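Just the heavy atoms: all of them, side chains too, but no hydrogens, waters or symmetry mates, feed the values below. Here the structure is a predicted model, which means the values were calculated and not measured. Below, chains carry the letters A, B, ... as their sequence lines are ordered, and counting in each starts from 1.
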There are 2 protein chains.
Amino acid sequence: MSADLTRNQALVMKTLSGAEAPLSAYTILDRLRGDGLRAPLQVYRALEKLTELGLVHRLESLNAFVACAHPNCHEQELIAFAICEDCGKVEEFSDDVVKDRLDGWTRSHGFRPAKTTIEIRGNCGGCAGKA
Amino acid sequence: MSADLTRNQALVMKTLSGAEAPLSAYTILDRLRGDGLRAPLQVYRALEKLTELGLVHRLESLNAFVACAHPNCHEQELIAFAICEDCGKVEEFSDDVVKDRLDGWTRSHGFRPAKTTIEIRGNCGGCAGKA
DNA sequence: GACACAAATGTTATGATATTACACATCCTT
DNA sequence: AAGGATGTGTAATATCATAACATTTGTGTC
């Protein structure tokens, strides 16, 4: 699948895939210093490409990145994220009704959407129980 | 309405209300240096309070802030933002169907939502025409 | 293979956004 | 007046992101 990634891209991808929760660019950098990475730009450039390929998502409300949960079928649908503020885990889902409603709004307002962000912060099932 | 704001809060509120587009905390600070503000924290603290009061919204995908478009009826409904990347203008809207769908997802997944962000970046009617 | 172009890399420096820690002041209630 | 909650001022620092430049690697074409 992710066959033709470059070295840096593959390193960043592997780090994100193995992570339990979203990672900041600088955290990724720290985890890859052993592999020879030294500068933030090396990570940011890889992230830019991976995001473009749909393999990685940026979480705007966190300034952090996650590996896409559906790495094979990287449809560029509208994706929503549920982010647990306790354990950090992120769940990714799509909803066609939400998509249709937002599309309806933009169409009726002459707004041409480029990228849509939906992020729900809160506590996941496991963590909400404890609280 | 916004009667009992403190001096710094009122200054920040006035700056945001008078702005055409979202402002970063540092931009607000720069505009208020003449009024005696000197440190980022003075602005961030005011923003925190104003956000809490529902008078100001934070746009996560921009790291910037806008005055609420409905300053009187500050219902804490789910609000979506359409942000023009050209002219910077932001439109604010609500959609009960979207709200219901997201509520449905969280409920069925045992997720307890605290704050939801919906931001559509793109070009507004005016700017999309020119392109 | 040699050439040319696009893409990726490495490095340094800098810009932009946000918070911690601490001391002091103000307001409100009792 | 005492005490607590909230707001303020300031310095230092943490965190996130990009600009600018030189170089290298990969790819297609002849």
Side-chain angles (χ1 to χ4, degrees), chain A residues 2-16 19 21-66 83 85 88 90 115 117 119 121, chain B residues 2-16 19 21-66 83 85 88 90 115 117 119 121:
Chain A
S2 44
D4 51 352
L5 297 179
T6 66
R7 172 183 151 83
N8 288 359
Q9 290 161 13
L11 285 170
V12 169
M13 191 66 215
K14 197 181 68 177
T15 304
L16 280 176
L23 300 178
S24 77
Y26 277 75
T27 303
I28 295 169
L29 174 57
D30 286 341
R31 296 198 183 176
L32 290 175
R33 286 196 192 278
D35 294 284
L37 293 217
R38 296 154 178 280
L41 248 194
Q42 297 177 292
V43 172
Y44 279 107
R45 286 198 277 226
L47 286 169
E48 182 181 22
K49 192 65 182 179
L50 293 168
T51 301
E52 203 178 300
L53 294 173
L55 298 173
V56 162
H57 302 295
R58 178 189 168 89
L59 299 174
E60 301 289 354
S61 70
L62 244 42
N63 295 327
F65 302 83
V66 277
I83 304 166
E85 298 188 321
V90 174
K115 195 201 169 207
T117 298
E119 297 180 14
R121 312 244 331 232
Chain B
S2 46
D4 50 352
L5 296 179
T6 66
R7 171 182 153 82
N8 288 358
Q9 289 161 13
L11 285 170
V12 169
M13 190 66 215
K14 197 181 67 174
T15 305
L16 278 177
L23 300 179
S24 76
Y26 278 75
T27 302
I28 295 169
L29 174 57
D30 286 341
R31 297 199 182 174
L32 291 175
R33 286 196 192 278
D35 295 282
L37 292 217
R38 295 154 180 280
L41 202 47
Q42 297 176 293
V43 173
Y44 279 108
R45 285 197 279 224
L47 286 169
E48 183 181 21
K49 191 64 181 181
L50 292 168
T51 301
E52 203 178 301
L53 295 173
L55 298 173
V56 161
H57 302 295
R58 178 190 168 89
L59 299 175
E60 302 288 353
S61 70
L62 243 42
N63 294 328
F65 302 83
V66 277
I83 305 165
E85 300 189 319
V90 174
K115 196 206 170 204
T117 298
E119 298 179 13
R121 312 249 323 237

### Message
Could you check whether any side-chain N or O of B:E119 sits under 3.5 Å from a backbone N or O of B:I83, counting only pairs where one atom can act as donor and the other as acceptor?
### Response
no
### Any donor-acceptor pair under 3.5 Å from B:R45 side chain to B:N8 backbone
no
### Message
Please convert DNA chain C into dot-bracket. A pair counts if it is Watson-Crick or G-U wobble with both distances under 3.5 Å; crossing pairs go in [ ] and bases paired with another strand get |.
### Response
||||||||||||||||||||||||||||||
### Task
Verify side chain to side chain contact (heavy atoms under 4.5 Å, CB included) between B:V12 and B:V56, making sure each step is shown before the conclusion.
CA-CA 10 Å; B:V12 169; B:V56 161; 5.8 Å; no
### Query
Between B:L50 and B:L5, is any pair of side-chain heavy atoms under 4.5 Å apart?
yes
### B:N8 side-chain N/O to D:dG7 phosphate OP1/OP2 under 4.0 Å
no
### Message
Just N and O in the side chain of A:T6: are any of them under 4.0 Å from OP1 or OP2 of D:dT25?
### Response
no
What are the two closest heavy atoms between [X] and [Y], and how far apart are they?
{"X": "B:A19", "Y": "B:R31", "result": "CB-NH1, 4.4 Å"}
{"X": "A:G88", "Y": "A:P22", "result": "O-CD, 3.1 Å"}
{"X": "B:A25", "Y": "B:L47", "result": "CB-CD1, 4.0 Å"}

### Message
Contact list please: residues 25-40 of chain A against DNA chain C, heavy atoms, distance less than 4.0 Å, in numerical order.
### Response
A:R38, A:A39
Rounded to the nearest angstrom, tell me the gap between atom [atom1] in [X] and atom [atom2] in [N].
{"X": "A:L59", "N": "D:dC16", "atom1": "CG", "atom2": "C1'", "result": "15 Å"}
{"X": "A:Q42", "N": "D:dT18", "atom1": "CD", "atom2": "P", "result": "16 Å"}
{"X": "A:L5", "N": "D:dG26", "atom1": "CG", "atom2": "C1'", "result": "15 Å"}
{"X": "A:D4", "N": "D:dG26", "atom1": "CG", "atom2": "C1'", "result": "12 Å"}
{"X": "B:Y44", "N": "D:dG9", "atom1": "OH", "atom2": "P", "result": "17 Å"}
{"X": "A:E60", "N": "D:dA17", "atom1": "CD", "atom2": "P", "result": "9 Å"}
{"X": "B:L50", "N": "D:dG7", "atom1": "CG", "atom2": "C1'", "result": "13 Å"}
{"X": "B:K49", "N": "D:dG7", "atom1": "NZ", "atom2": "C1'", "result": "10 Å"}

### Message
Quick check on DNA chain C: between B:R45 and B:R58, whose nearest nucleotide comes earlier from the 5' end?
### Response
B:R58
### Query
Please walk me through it: do A:E48 and A:T51 pass side chain to side chain contact (heavy atoms under 4.5 Å, CB included)?
CA-CA 5 Å; A:E48 182 181 22; A:T51 301; 5.9 Å; no
### Summary
CE (A:M13) and NZ (A:K49) are apart, to the nearest 0.5 Å, by 14.5 Å
### B:K14 atom NZ: more than 12 heavy-atom contacts under 6.0 Å
no
### Task
Could you tell me whether B:E60 and B:K115 make a salt bridge, using a distance below 4.0 angstrom between a side-chain N and a carboxylate O?
yes
### Message
Reading DNA chain C from 5' to 3', where do the contacts with chain A start and stop? Cut-off is 4.0 Å to heavy atoms.
### Response
C:dA8 to C:dT12
